[in-house]
Amino acid sequence: MRNDRRLRRLVDGDTIWLWSVRQKLDRNRYENCRLTLSLWREGSRSRLSIVFRPGPDRVISNTYFEAGTVVALPERDELNLYEPKTVRRLLQIAVAREEWPTRPGTREIDGWPLFEALMAAQNAEA
């Protein structure tokens, strides 16, 4: 089992990013569960929280899949939010879309549009 409290580092040029993955489970109502990837620059008080919630054709790990996994059906495209490569690519897409907060505090965004953009980029590369 992964340690959800662990703070991870990602170095991109001169910028050091800190990130963590948190999972909120509701064993009675799956639709209330969520998987959140939080990112911030070292020394910054601005944080971006990329939130994945289950929905039609959208699945988040709940015990059946590996921890940190998000899956889009019917294609069965999947990402694991504990993988640094995945985090780096989601971060790059979020920054390119100007999703990064400009003021101190947390900005929460839906992760599925970023997921779709990442999958489209991967498919274009293949």
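Computed from a predicted structure; not experimentally measured.
Considering only residues two or more places apart in sequence or on other chains, Glu83 meets the side chain to side chain contact (heavy atoms under 4.5 Å, CB included) condition with Asn80, Thr86. Arg47 is linked by a side chain to side chain contact (heavy atoms under 4.5 Å, CB included) to Ser38, Trp40, Ser49, Thr106, counting only residues two or more places apart in sequence or in another chain. Applying the side chain to side chain contact (heavy atoms under 4.5 Å, CB included) test to Arg9 and every residue at least two apart in sequence or in another chain returns Val11, Ile16, Leu18. Residues forming a side chain to side chain contact (heavy atoms under 4.5 Å, CB included) with Arg103 (at least two apart in sequence, or on another chain): none. Listed by chain and residue number, Phe52, Phe115 satisfy the ring-ring contact (aromatic ring centres under 6.0 Å, His included) test with Trp112 (two or more places apart in sequence, or in another chain).
Between Met119 and Glu75 the shortest side-chain heavy-atom distance does not fall below 4.5 Å. Between Asp110 and Val51 the shortest side-chain heavy-atom distance does not fall below 4.5 Å. Residues Pro56 and Arg58 fail the side-chain proximity criterion, which asks for heavy atoms closer than 4.5 Å. With a 4.5 Å cut-off on side-chain heavy atoms, Leu10 and Val87 count as touching. Annotation: side chain of Trp100 is not in contact with side chain of Thr102 (no heavy-atom distance under 4.5 Å). Counting heavy atoms from C-beta on, the side chains of Pro84 and Arg8 never come closer than 4.5 Å.
Considering OG of Ser20 and CG of Leu39, their distance stands at 8.0 Å, rounded to 0.5 Å.
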* To do: Start with the C-alpha gap between Glu108 and Arg53, add the side-chain angles, then the distance that decides, and say whether salt bridge (charged side-chain N to carboxylate O under 4.0 Å, His left out) holds.
  => CA-CA 12 Å; Glu108 188 174 291; Arg53 291 181 175 86; 3.4 Å; yes

* Could you walk me through whether Thr15 and Arg41 pass the side-chain contact (heavy atoms from CB on, under 4.5 Å) test, one step at a time? => CA-CA 7 Å; Thr15 305; Arg41 287 182 186 105; 4.0 Å; yes

* Asked: Please walk me through it: do Ile50 and Thr36 pass side-chain contact (heavy atoms from CB on, under 4.5 Å)?
  -> CA-CA 6 Å; Ile50 303 171; Thr36 304; over 6 Å; no

Side-chain atoms of residues 90-99: list all donor-acceptor pairs with protein atoms under 3.5 Å, sequence neighbours left out, distances to 0.1 Å.
{"unit_1": "Glu99", "atom_1": "OE1", "unit_2": "Arg107", "atom_2": "NH2", "d": "3.2"}

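Smallest separation of non-hydrogen atoms from Pro101 and Leu48: CD-CB, 4.1 Å. For the residue pair Leu35 and Ile60, the shortest heavy atom distance occurs at N-CD1, 3.9 Å. Nearest approach of Asn32 to Lys24, heavy atoms of both residues: O-NZ, 3.7 Å.
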